[in-house]
Amino acid sequence: MWWLATSGLRLLNPLRLPAPAEVWVAFQQINGRGYAGATLIEHALHSLGLVARGFAVAIVTGVPLGLLMGWSRRAEALVNPIFLLLRPIPALAWIPLAIVWFGLGDTGKVFVIWLTAFVPSVINAFSGVRQVDTILIAAARTQGASTAQVLRHVVIPGAMPMIFTGLRLSLQASWTTLVAAELVGAFFGLGRVLNIAGQDIYPGMILVGMAAVAVCGAGTTWLLGLVERRVLNWRPAV
Amino acid sequence: QQTTRLNISMQPALYSMVPLHLATEQGWWRQMGIEPNFSSFPAGPPQIAAAAAGTWDVGITGSAPGVLGAARFNIRTIAISNDESATNVLMARRDQVEAIRANPASLRGQRVLITVNTTVDYVLQNCLRRWNIPRNDLQVVNLNQAQILSAFSTGEGRLAGLWAPNIYTAEERMNAVPLCSGSDADAIVPGNIIVREEFLNRNPDMVARYLAVILRGIAWMKANPDQTIQVMNRFYQAGGVTVTEAALRAEVARRPIFGLEEQLRLMSRANGPSQADRWYAGLGEFLQQVGTVPTAPPVTAYLTDAVLRRIADNPQLRAFALNQ
Amino acid sequence: MAKRNFLGPHGTVLGLGEFWLLTLAGFALFFGGWSLLAWSGWLPANLLPSPRAVWATLVRLWENPFAGHVYADHLLASLGRFLMGWAIAVAIGIPLGLLMGWYRLLDEIVTPLFDSIRFVAPLAWVPLAALWFGTGIGGPLLIIFVGSFAPCVISAYRGARLVEARLVEAAQTMGASGRQVIQHVLVPGAMPSIISGLRVSAGLGWQSLVGSELIVVGAGLGYLMVQGQGNLATDVVIAGMIGIGVVGFAIDVALRGVEAWFRKRWGQTA
Amino acid sequence: MSEIVFRAVTKTFRLPRGGEFLAIDTTDLRIEEREFVAIVGPSGCGKTTLMRMAAGLEFPSTGTVEVGGKPVRGPGPERAVVFQQFALMPWKTVRENIGFGLMCKGTPKAEADAAIGRYVELMGLAGHEDSFPHQLSGGMQQRVAIARAYVMNPAALLMDEPFGALDAQTRIVMQEELVRLARRNPRTVIFITHAVDEAIYLADRVVVMGRKPGRIIETIDIKPLRAEGGWEAMPIEEVMDTPAFTHMRSRIWKLLKAREQAAADH
Amino acid sequence: MSEIVFRAVTKTFRLPRGGEFLAIDTTDLRIEEREFVAIVGPSGCGKTTLMRMAAGLEFPSTGTVEVGGKPVRGPGPERAVVFQQFALMPWKTVRENIGFGLMCKGTPKAEADAAIGRYVELMGLAGHEDSFPHQLSGGMQQRVAIARAYVMNPAALLMDEPFGALDAQTRIVMQEELVRLARRNPRTVIFITHAVDEAIYLADRVVVMGRKPGRIIETIDIKPLRAEGGWEAMPIEEVMDTPAFTHMRSRIWKLLKAREQAAADH
Ligand SMILES: Nc1ncnc2c1ncn2[C@@H]1O[C@H](COP(=O)(O)OP(=O)(O)OP(=O)(O)O)[C@@H](O)[C@H]1O
Ligand SMILES: Nc1ncnc2c1ncn2[C@@H]1O[C@H](COP(=O)(O)OP(=O)(O)OP(=O)(O)O)[C@@H](O)[C@H]1O
Ligand SMILES: [Mg+2]
Ligand SMILES: [Mg+2]
């Protein structure tokens, strides 16, 4: 259909939506000669590294904060308003500050990715805790469990499915923030490819970049799914 | 007088755009029967891309987007807005500049902050050629102009590639000084007055009146330097750019603008390629080399003095353009 | 007798007084920390202006035009653009999601496409948006649309799929046609999910705004910030961020009100 | 003409992970017009599946299901279903829930309103017409579900553990109400329940099913017993004290228990 | 020493939207050591609330609850609770679920394993030690929940409709198992149920509660009846056929129904 609309019937101006052949040319160009300073694989690997780091930091910070807010209504009251206020601010808006605070190294990029990936981790860990069936907590208590034991054996495993939902969203957020993050003076990366292709108004290359991001995103999500299945092996298969 | 709507694209707070603002203040558009409808872009690439969607018919832009537009979207350049070579500059920190001048090789391995594939990147290329440093020996960091200012102010990068008015911000607030500009390195960077080819073919008269308005602005600016500073001040303010009067004066001093006669001379192909042809050829070669365009379009395909000549041949338009 | 809470948050109900006290304490901590950082001089003022400086800037921007407009006009420009793009996403996304929930085939065609595209940033669409729709209004709309479309579809789809099969069957045994099932069962059944999807989508759409304002210039909070950055005016940048944060928060609060209304009406508490 | 006839019916489910599961083995069952048949049996023996085939929500793998002499091709308003958890639409008021089927049928508003009003009255729901389901007690919700079925004036009524979600006390009240209603408006009824008491008290005939594979293991006529004992005139708790009743209950329970004990240990 | 004593207990809930709700009006109840008391009553009469106060999960608004002479200050392993929905941790295997309380207590592994093994055997769960709850039938899950309570060797057992979620057939099996277990290991037991049959069959004493406000309306001694009838030696369905049993059931049902009829129409 795409081919028909662009090349076959010329319904759409190929300058505006590139024909498949042009995308193929762009693909070959970036694979062979390279584009924006490296080949597609190199860009992708670099982006993977960035996303992995931002995502990891988001997990390590977001999930515990969400658990804490979920467990303690006081912590929730304390943190929630600020969280709600900062949450709507897009990654792009943080870039000026990220540059002045962290410079042009990878730290700034990880920071920007972390900012957006952080949010779903917190929210889902939070509601995961709130969705743990009270009766399980009560049951553990009546068996003599301490607060630490309740957290470790009931609350955290009970919240785990929601936490994983959050992680999936976090991972997605990491990828969608990549383009913004790599505005912070990247040397490599799919975000850089997209930025430069945008600057060069090179629609074929933009589509190649988008496809590469989509493939990486789907791939990492699949990996996360493997981990999830291992961790949540107690759940009936759906 | 009956006026016709004209969609004009521009970027805010640039010297090359001042005639547009001036014409509005002076009511010249109406005199030429034009009702201007401005759309304003933060940078050249979206401006050019929007042409494909038919957002605008005529406009003013930088030379890199001008060539890019020629290569991809049949954008014609009908005149030169100014010569910005002196305001596309590699800037260094004051305390480092002498050392770099003395030994450019010390730049090897250092970071340079630049907006890649633009005019200032072209300047960088020519400067490096003069210093005999291969580009790969530097870490070239791609940022937009605002980001370069932020980053450079926090100590990032050895050099910053900027164009006006950002260079003044860098000079005044970051203690930066020009190291190598386009005029130093023979990287001549004109600004383009542009039109969509299709629109030009359909409305040659309208385009001529548009250009006449701009040329009148240029003539007026040449004749009234002090008032020009005030106009610029108002224009830049509206665009959200605050620079000192000294910087405004520097703009006027460093950026030659060309009246009708000068334009005709620059573009004359009477004796082989014109002066402007040579300027654009160099830039086109650069853009091809960095991969922005697969092959540089021949200058003759997009640079045309037809509209200029049309004005020159029409006494009424000519008088108007010369601000007489 | 000592009454202890053994059930974590489920057993605790904060008094209103305590709730607000803690909320205020949270704000105080945040702004206090910020002030302290700014005041200590550890970060220079052009990197981190103090809250007071930002407040002064906000007041100044409120009264004096910056980048062509006063603050409120920037804010309204952004909001208007957002509302239009979001409305389109909702108007297309929700029906599509519902249909996907009902027609298997459509589901199988659309879902894989969706599953890959959702990783692509709205920002990456900026050049294509300019190319396809220019900048008038279409370009920005596309970007906001791209940002907020997916959650609309997914929430309507999930909602429709999660409507209890019994309700669909009950309607069928009472003689309801396909159209009647969608209208009377799927739409209201999916409503809670749709509304929470609207919250997410409004959030993401609003976040795409700054990206969209990279193509159209003239007015808008994103534009304000870009220009502020160009002047090295971090206070202006933060003032823009505050506007974005506050409006985003307000949108969310409004939608939560709608959500609560539906829940209350249909008795779906929790 | 609304007798329900299962003819050599089997039902096999394809399992999500591959493989097949025989839910109902060759089954013949004929429910006469206006007969009230209760089905009891252990969990998973296929009671619901059987009823769903009569409702047209499921189709037999082999054999045929006929209602009123015609094969069942899908759900329809002449066979009303009462589901276990009421299945009321939470977003519709009592009146709208009861009137939904009439609306689908295109009944004129005045006529529909009259019918709805009649059943609201009959089921003791007056004053709650504009309440939403969540504002009603479980018993009242169940009465709405039954009114919704009756208002369609269906030839057959299919009820899947309609009282399963009610507490014992409410349940007794509902059972008696159902008996009253069924007596006033006799219908062909399939009534599924776990509670043996309920089956004996309500039905003309009790079908006992067993599992692995699901099938009918015995059919017991209650009608004669009821007529003999004069149960119709007695409140339920007295009926349950009669020796005929308790004896019947023991008999059915023994049937079920023998099989269940084996199954529970598997 | 594990008698449970409610002394002039009332319980008022603060409602989320303001206002208060009197769930239990002044109530006195003494459950002797090793006595098996069943509580029946309509939904919402405060049965669960009463039990939760004994468990230490809720506290009386006025009055005191004492177990073994000491006021209850919180939940503890000496008062094991069996919840209606089993409340097994879905992420722990059968073995881990049963052993959870022992682990919390810090019982040495070898000793814990031995105890778990004993109850796995006793409850007929052998071979399922490493299954997750969702892989078990409802009856098996319930047996895990009971094993989990018994393994703690608690002085008191508090059960909130433990068989409510089971189908009738499984329920009978479980009731008999519970009787067997209770006989072997007598405990102080509070047993909440909706099923009057179950209460009479299992308990030494039946407490009948009423609602609005929740309170005890009658306490009925069953123990003499059981001894007299020699029920202990009979299977449940035969016990239920004895006139003493059916008479007792009618009596309790009438008590409940009179109140329920009024309540259902409100
Ligand atoms: N869609 C299906 N796919 C696969 N197996 C099914 C499906 N529906 C029902 N079954 C199986 O068929 C058997 C009979 O199910 P059915 O729901 O009819 O039992 P039931 O007698 O109504 O049980 P209960 O008393 O628990 O409601 C069960 O073993 C069930 O697991
Ligand atoms: N946390 C609470 N807040 C407010 N009201 C409550 C709370 N817990 C219980 N109630 C109310 O107290 C009353 C008694 O509740 P309880 O759960 O003890 O009843 P029950 O007899 O166990 O009913 P059921 O048989 O339905 O389980 C009910 O009306 C209930 O709504
Ligand atoms: Mg069933
Ligand atoms: Mg209860």
Side-chain angles (χ1 to χ4, degrees), chain C residues 94-95 97-98 101-104 107-108 111 155-198 255 257-270, chain D residues 48 51-52 54-58 67 72-93 96-107 112 130-136 141 144-145 147-154 156-162 165:
Chain C
I94 303 279
L98 287 172
W102 189 241
Y103 296 108
R104 259 282 152 76
D107 178 11
E108 276 160 20
T111 301
S155 64
Y157 168 72
R158 292 247 169 89
R161 291 302 289 271
L162 289 182
V163 169
E164 283 182 77
R166 272 182 313 111
L167 290 182
V168 174
E169 290 178 346
Q172 285 176 326
T173 60
M174 286 185 280
S177 65
R179 195 187 59 79
Q180 282 169 324
V181 169
I182 293 180
Q183 181 188 344
H184 291 282
V185 182
L186 290 194
V187 171
M191 199 50 85
S193 163
I194 289 176
I195 291 169
S196 62
L198 289 186
L255 284 172
V258 177
E259 191 172 18
W261 184 82
F262 270 105
R263 279 187 195 281
K264 188 176 159 206
R265 183 170 156 176
W266 294 344
Q268 279 135 332
T269 45
Chain D
T48 298
M51 188 214 76
R52 287 169 63 84
L57 294 168
E58 209 90 72
V67 175
V72 173
R73 296 209 187 284
E78 77 290 352
R79 276 159 292 133
V81 179
V82 180
F83 294 86
Q84 170 161 16
Q85 290 94 4
F86 319 147
L88 301 180
M89 296 179 208
W91 44 85
K92 290 191 185 285
T93 62
E96 290 165 344
N97 263 293
I98 298 179
F100 182 75
L102 298 174
M103 185 206 74
C104 290
K105 214 161 54 174
T107 311
D130 296 315
S131 303
F132 286 98
H134 75 95
Q135 298 166 321
L136 306 179
Q141 291 184 34
V144 174
R148 178 174 77 171
Y150 264 89
V151 81
M152 301 296 291
N153 203 15
L157 254 175
L158 312 173
M159 309 201 213
D160 190 1
E161 299 187 41

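Naming convention: chains lettered A, B, ... in sequence-line order (proteins, then strands); numbering from 1 in each chain. Heavy-atom basis, side chains included; hydrogens, waters and symmetry copies ignored.
- Top candidate by heavy-atom pairs under 4.5 Å with chain C, chosen from D:E78, D:Q135, D:M103, is D:M103.
- Both the backbone and the side chain of C:Q172 come within less than 4.5 Å of a heavy atom of chain D.
- The NE2 atom of C:H184 sits 5.0 Å away from atom NZ of D:K92, with the distance rounded to the nearest 0.5 Å.
- Proximity of C:L198 to C:E259: side-chain heavy atoms (C-beta onward) are nowhere separated by under 4.5 Å.
- Side chains of D:P133 and D:N97 form a contact here, defined as non-hydrogen atoms less than 4.5 Å apart.
- When heavy atoms are compared at a cutoff of 4.5 Å, D:L158 does not approach chain C at all.
- Ranked by non-hydrogen atom pairs under 4.5 Å with chain C, the options D:M152, D:K105, D:R52, D:R79 are led by D:R52.
- Enclosure of atom CZ in C:R158 is not indicated, since only 12 or fewer non-hydrogen atoms of other residues, nucleotides or ligands lie within 6.0 angstrom.
- When C:T173, C:V185, C:L167 are compared by the number of non-hydrogen pairs under 4.5 Å with chain D, C:T173 comes out ahead.
- Within the 4.5 Å cutoff, side-chain heavy atoms of D:V82 are placed close to those of D:L157.
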